[in-house]
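Numbered from 1 within each chain, the chains take letters A, B, ... in sequence-line order.
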Protein chains: 2
Amino acid sequence: MIRLKMGITQRKEREKEEMRQLILDAALRLFRERGYDGVSLRNIAEAIEYSPGTIYLYYRDKSEIFFALQFEAAAVKRDHLLSVANIKDPWERLVEFGRRYIDFGMRHPDLYDLLFITRAPMESVENQECWQLGLATHSFFVDTVQACVDQRYFKSTDTETIAYTLWCHAHGLVSLFVRERMRMYPEEKRIELAQKSFALVVKMAETL
Amino acid sequence: MIRLKMGITQRKEREKEEMRQLILDAALRLFRERGYDGVSLRNIAEAIEYSPGTIYLYYRDKSEIFFALQFEAAAVKRDHLLSVANIKDPWERLVEFGRRYIDFGMRHPDLYDLLFITRAPMESVENQECWQLGLATHSFFVDTVQACVDQRYFKSTDTETIAYTLWCHAHGLVSLFVRERMRMYPEEKRIELAQKSFALVVKMAETL
DNA sequence: TTGACAATTGAACAGTGTTCAGTATATTTG
DNA sequence: CAAATATACTGAACACTGTTCAATTGTCAA
């Protein structure tokens with residue numbers, strides 16, 4: 001009897017989770033197409049064939065949907081980046097990390113936007129977890145730079161500044177792409193330019 | 001008689017221009033405080049003590065107000081940057097240009113945002129002029145890099161990639177600031193870090 | 001003063017995020 | 001099984017949004 005009850009509770013739990021994911025999937029698809037402000041809750045509701053009010057039974061408000069997506073994005077990014085952890089040589093690890101950072105931004109411009117560009121209130125529990133994820137990835141990055149410094153890969157020993165500078169370049173590169181500020185370069189040359197720029201920074205960093 | 005009429009026409013013209021500027025000033029102040037989406041036309045109307053409908057006699061829609069501000073921002077930026085044109089030595093000119101680019105972003109985060117980050121429909125006549133302004137500034141930048149290349153300031157001779165790489169760094173640096181993605185660094189260290197990073201890039205570029 | 005023109009208004013429209021009383025369904029209890 | 005309870009869901013309603021437009025006010029020439 002209590003066993004039965006438990007089973008039902010579990011099922012309900014599962015269904016609740018499925019519904020949350022259903023909303024999230026629809027929201028991501030719509031946000032991708034039309035941006036955060038271009039999508040209304042009624043649009044999302046219509047997409048999943050429920051009434052607008054229903055969504056509020058699963059998310060407190062619209063921004064919470066956004067935060068949930070941001071959290072997912074942070075997880076995807078972490079998995080995309082931390083897979084370089086097995087590379088022993090810190091310099092190679094760093095280069096590959098950079099390559100993957102840019103690759104992540106290019107492959108998932110919407111997620112990158114969510115994480116690093118979009119303005120959004122930075123409260124919410126969901127978002128603190130997201131912040132933790134991001135911080136972990138950042139720490140991994142800084143640690144890798146530190147390892148390079150320890151092994152005298154650079155002339156400079158200012159780990160913090162080196163790490164920050166590399167991040168600035170990668171973030172600048174990706175966000176100019178994501179927010180379409182490269183119109184002065186012909187479409188087909190943009191990717192090539194980005195690759196050349198990355199290569200140049202790698203070369204520069206070698207003689208840092 | 002016709003003279004008088006002309007005078008009146010001129011005054012009307014002037015008043016119209018004043019009204020446009022009044023709207024723009026109020027809009028900029030509000031956008032600064034609450035962002036583009038956080039401000040309604042009724043807010044702007046209230047701020048200038050006119051009815052909502054009045055604004056549509058001076059700007060076709062809300063986005064045109066935005067574009068007008070973007071155009072102003074582009075002009076401010078151009079003036080801020082092109083004042084280095086009188087520096088003869090291309091390398092010194094380039095370094096000062098970079099310093100001022102970052103300085104512009106830090107001093108006018110809202111304008112920088114308008115120009116390089118905010119997503120907005122890129123049509124409108126107003127905006128094409130704005131684009132012209134931006135392109136001119138960019139050309140000046142590339143020309144300066146080219147001058148450095150010509151005088152063998154760098155090892156590399158790929159002007160385009162060098163220019164783009166420097167821009168990536170500066171843009172990344174500013175936009176991480178503007179969109180508040182530097183929370184992992186304590187508030188008081190951020191400016192210092194930015195300065196150190198700029199200095200590092202200058203040093204790196206010397207051995208490019 | 002009157003007629004024409006320009007500037008301004010504010011109500012109206014369709015949309016937004018959000019709330020909540022009511023309904024329908026599912027589960028537990030007697 | 002039937003009744004009572006708990007849960008899921010609805011859709012109308014609220015105050016807001018950008019935008020339009022008939023009606024009103026104010027200004028100026030004849």
Donor-acceptor pair (no angle test) under 3.5 Å: A:R42 side chain, C:dG17 base: yes
Heavy-atom donor-acceptor pair, B:S40 side-chain to D:dG18 base, under 3.5 Å: no
For the student: nearest non-hydrogen atoms of B:A74 and B:L133, plus distance: CB-CD1, 3.7 Å
Of the listed nucleotides D:dC9, C:dT8, C:dG17, the one nearest the side chain of A:L41: C:dG17
Side chain of A:P52 (C-beta onward), nearest among D:dC9, C:dT18, D:dA8: C:dT18
Contact nearer the 5' end of DNA chain C, comparing A:Y36 with B:L57: B:L57
Out of D:dT17, C:dT18, C:dA7, whichever nucleotide has its closest atom nearest the side chain of B:N43: D:dT17
Options D:dA8, C:dT8, C:dT9, nucleotide nearest the side-chain atoms of B:S51: C:dT9
Closest heavy-atom pair and its distance - B:F154, B:L94: CZ-CD2, 4.0 Å
Length of the line joining B:K62:NZ and C:dT16:P, which is rounded to integer Å: 15 Å
B:D61 side chain, from C-beta outward: closest of C:dT9, D:dT10, D:dT19: D:dT19
A:Y101-A:Y112 aromatic ring centre distance below 6.0 Å: yes
Per A:Y56 side chain, nearest of listed nucleotides D:dT10, C:dG17, C:dT8: C:dG17
Residues B:F66, B:F71; criterion ring-ring contact (aromatic ring centres under 6.0 Å, His included); working and verdict: CA-CA 9 Å; B:F66 177 83; B:F71 182 70; over 10 Å; no
Between C:dA6 (P) and B:Y58 (OH): distance, integer Å: 13 Å
